[in-house]
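Have a look at the structure below before the remarks.
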Amino acid sequence: MARILITSAIPYINGIKHLGNLVGSQLPADLFARYMRQRGHEVLFLCATDEHGTPAELAAAKAGKPVAEYCAEMWQVQKDLSDGFRLSFDHFGRSSSPQNHKLTQHFAGRLAEAGLIREVSEEQVYSHADKRFLPDRYIEGTCPNCGYDRARGDQCENCTKQLDPTDLIDPRSAISGSTDLEVRETKHLYLRQSEMRGQLNDWIDSKTDWPILTTSIARKWLNDGDGLRDRGITRDLDWGIPVKKGEAEWPGMEGKVFYVWFDAPIEYIACAAEWVDAGKGDDWERWWREDKGAEDVRYVQFMGKDNVPFHTLSFPATIMGSGEPWKLVDYIKSFNYLNYDGGQFSTSQGRGVFMDQALEILPADYWRWWLLSHAPESSDSEFTWENFQASVNKDLADVLGNFVSRVTKFCRSKFGEVVPEGGEYGDAEVALVAELQGRVDAYQAHMEAMEVRKSAAELRAIWVAGNEYLQAAAPWAAYKEDPDRAAAIVRLSLNLIRLYAVLSEPFIPDASAAMLEAMGAAGADWPDTVGEALAALPAGHGFTVPDVLFAKITDEAREGWQEKFAGQRG
RNA sequence: GGCGGUGUAGCUCAGUUGGUUAGAGCAGCGGAAUCAUAAUCCGCGUGUCCGGGGUUCAAGUCCCUGCACCGCCA
C-alpha cells in the first residue's frame with residue numbers, strides 16, 4: 001500500500017468556476033484520488049479556496065459586504081458545488097485560515113533567516129479616493145504610444161505595449177475613476193528566486209517523467225531573458241496574511257500583507273493542518289515533512305497550464321529556501337484549456353457553462369463523464385452541445401445504462417429478481433473473461449499513468465464488451481431451447497453490472513452507487529481478477545431493477561441550452 | 001516581436017525510441033437481432049497525415065522552411 005498526497009489547483013474565491021476550470025484540475029484530481037483509494041492506497045486529497053488579493057476585495061465591495069464575510073459565503077458556495085460534483089476532497093480548506101497565517105509567516109521567517117528575502121523601496125500609485133494603493137492593472141489612462149484611452153497601467157490592450165503606470169496620460173483609478181492619485185514610496189519584500197535558479201534548474205532536470213507541457217513552461221521561466229526574476233511577496237492591502245517573520249514583528253512592514261501568490265500554495269500544506277483540526281485526521285506532518293513520516297509519500301499536483309510556473313518554480317523555491325525537509329511535488333499533471341463552442345469560456349462575459357448552471361440542468365455524472373473523456377491533455381479541446389449530447393447519450397445511456405436495463409429486465413421477466421441458478425459457463429464466457437482481464441489491466445495502467453482520456457476509452461470498451469457478449473450469447477433465444485443455458489448467461493451478465501459499477505466509480509460515482517445498490521452488492525472493492533469478480537453474486541442473490549440510470553438528452557433540451565449559454569449569463 | 005503549443009477520415013481525437021496495406025469513437029450506408037432507455041451487435045474508410053524542400057533502405061514520426069490557429073510574455 002502506497003501513500004499518495006494529491007492536491008488540485010485552488011480556485012480563486014471571487015466567483016463560480018466554469019467547466020474549463022473544473023476539468024483542468026479538480027475533476028481529474030478527483031478521478032485519480034478515487035481510483036487510488038479503491039486500489040487500497042492511503043490517499044490525502046486536498047483543495048481549498050484562494051481568498052486573498054485585490055480581486056477578492058473588489059468583489060466584496062461590489063457585493064456590499066466586508067471581505068471576510070464575502071469570502072466565507074463564497075467558500076460555502078464553492079464547497080457546495082464541489083460536493084455537487086462529487087469531488088471527494090478529504091478537506092476543502094481556505095487560504096485565509098489561521099493555519100495558513102501561521103505557516104506562511106513561518107516560511108517567510110525561514111526564508112529571511114536564509115538570506116533569501118530582500119527589502120525594496122519602490123514607488124507605487126496611491127488613490128486617496130479609494131484609500132488604497134492600486135496595482136498596476138487597476139490604473140487606467142491614455143496610452144502614450146497609441147492614444148487608446150483605456151490603457152491599463154501594466155499594458156495597453158490596444159497596442160500591446162508594456163507600460164508603467166507612470167507612463168499613462170491622465171491616469172485614473174479603475175476602481176473609482178478618481179484622478180486624485182499620488183505616487184508614494186513604499187517598502188516591499190522580494191523573494192530572491194534568482195539565487196535558487198541553479199537548484200531549481202537541477203530539480204526540474206531530474207523530472208524526466210514529467211509532461212513536456214510542464215517542464216517546457218518551467219524552463220522558459222528559468223532561462224528566458226536574464227533568467228528567473230525575484231518576486232515581490234508583499235502588498236499594501238488590508239485583506240491578507242500580515243507580514244511577520246515567523247511569530248515576530250517585521251520592522252518596517254507594519255500594515256502590509258503577503259501577496260496572494262506567496263500564501264496560496266502554502267495553503268496546500270496548511271490545508272492538511274486544517275484537516276487535522278477539523279477532526280478528520282490526526283497527524284498532518286506525516287504527509288508533509290520528510291523527517292516526520294512523509295519520506296514515502298508520493299505527491300501529485302493537478303492544474304491548468306496557466307498555473308504551472310507557480311508550482312514548478314515559485315512554490316518549490318519557497319520550500320527549498322526554507323531549508324526544512326518539506327515534501328516537494330513528485331509529479332505535476334497539467335492540462336490545456338477547454339474551449340466553449342468555438343471560443344473561450346469567459347467568466348467576465350458569462351460565456352459557457354458554469355458549475356452551478358451545469359448541476360441545475362443535469363446530474364454530475366453526465367458532466368464528469370463528458371469532461372473526463374474529453375479532457376484537454378495533449379492540446380486544447382472543445383465543448384460543443386452536439387458533441388456533449390451525442391457522447392453522453394451514446395456512452396452512458398445506450399452502452400452502459402441500457403446494458404443494465406436489458407439484463408435486469410430480462411432476468412426479472414424470466415427468472416425473477418434473483419440471480420438465476422443452473423447452467424454452465426462455456427467458451428463464450430471464458431473468452432469474455434480473458435478479454436475483460438486484458439482490458440482491465442490496460443485500464444489500470446492508464447489510470448496509474450493519469451492518462452485520463454485513454455482510461456475513459458478503455459472503460460467504455462469494457463462496457464461495450466458486455467453488450468457484444470450478450471448479443472452473441474442471446475439468452476432470449478437460448479431460453480426457448482435451454483433455460484439453464486440462459487440462466488448461466490444472465491448470471492454472468494448480472495455480475496458484469498456489479499463489476500462495471502466498481503470499475504466506473506472514479507468516473508461516475510452516483511451511477512456506480514445506484515448500480516451497486518440495485519445489485520445488492522456490499523462494496524466497491526477493486527477486483528483481484530475479473531474471473532473472481534464475476535462470481536461475486538452467487539445464484540440466489542436478490543437484486544432489484546434500477547430506475548433508468550441515464551435519461552437521454554433530447555434535441556429540444558440541447559437546443560435550449562445552446563441558446564441559453566451563448567453568453568451573458570443571467 | 002519573443003517563446004511555446006497545435007494542425008491526422010464529415011466531427012472529436014490516438015498514433016510509443018522513424019519500419020509491414022495510417023487507427024478509435026461518433027456521424028453516414030448496408031445487414032442481423034428483438035432482452036432493452038427505437039437501446040444492441042456485425043460489416044463498410046482510395047484520408048494531398050497543413051504546404052514545400054531535405055536526411056534515410058524506410059517519415060505522420062527526424063531536420064530546414066512557409067502557412068494557419070491558439071496560448072503565454074511575470
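First the proteins, then the strands, lettered A, B, ... as listed; each starts at 1. Here the structure is a predicted model, which is why all the values come from computation and not from measurement.
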* To do: Describe the nucleic acid contact of Val464(A) in one word from base, sugar-phosphate, nothing, applying a heavy-atom distance below 4.0 Å.
  => sugar-phosphate
* Asked: Ser373(A): what forms a side-chain hydrogen bond (donor to acceptor under 3.5 Å, both in side chains) with it, not counting sequence neighbours?
  -> none
* To do: Sticking with atom P, work out how far A27(B) lies from C64(B), rounded to a whole angstrom.
  => 42 Å
* Structure fact -> Per the under-4.0 Å heavy-atom filter, residues of residues 430-444 of chain A near RNA chain B come out as none
* Results of salt bridge (Lys or Arg N to Asp or Glu O under 4.0 Å) for Asp398(A) - residues two or more places apart only -> Lys552(A)
Strictly under 3.5 Å: I want the nitrogen or oxygen pairs between protein and nucleotides 31-34 of chain B, one per line.
from, atom 1, to, atom 2, distance (Å)
A33(B), O2', Trp476(A), NE1, 3.4

* To do: Would you sort out whether Phe383(A) and His18(A) count as a ring-ring contact (aromatic ring centres under 6.0 Å, His included), showing the intermediate values?
  => CA-CA 12 Å; Phe383(A) 176 93; His18(A) 56 62; over 10 Å; no
* Are OP1 or OP2 of U37(B) and a side-chain N or O of Lys409(A) less than 4.0 angstrom apart? -> yes
* Asked: With respect to the phosphate group of C35(B), does any side-chain polar atom (N or O) of Lys414(A) fall under 4.0 Å of OP1 or OP2?
  -> no
* Asked: Has the side chain of Asn402(A) got a donor or acceptor atom sitting under 3.5 Å from an opposite partner on the base of A36(B)?
  -> yes
* Residue pairs, two or more places apart or on separate chains, that pass salt bridge (Lys or Arg N to Asp or Glu O under 4.0 Å) and touch residues 425-437 of chain A -> Glu429(A)-Arg485(A), Glu435(A)-Arg439(A)
Report each atom pair, protein N/O against N/O of nucleotides 22-29 of chain B, whose distance is under 3.5 angstrom.
from, atom 1, to, atom 2, distance (Å)
G25(B), O3', Arg460(A), NH2, 3.3

* Side chains of Met196(A) and Pro316(A): closer than 4.5 Å at any heavy-atom pair? -> no
* To do: Give one of base, sugar-phosphate or nothing for Phe550(A), where a contact means two heavy atoms less than 4.0 Å apart.
  => base
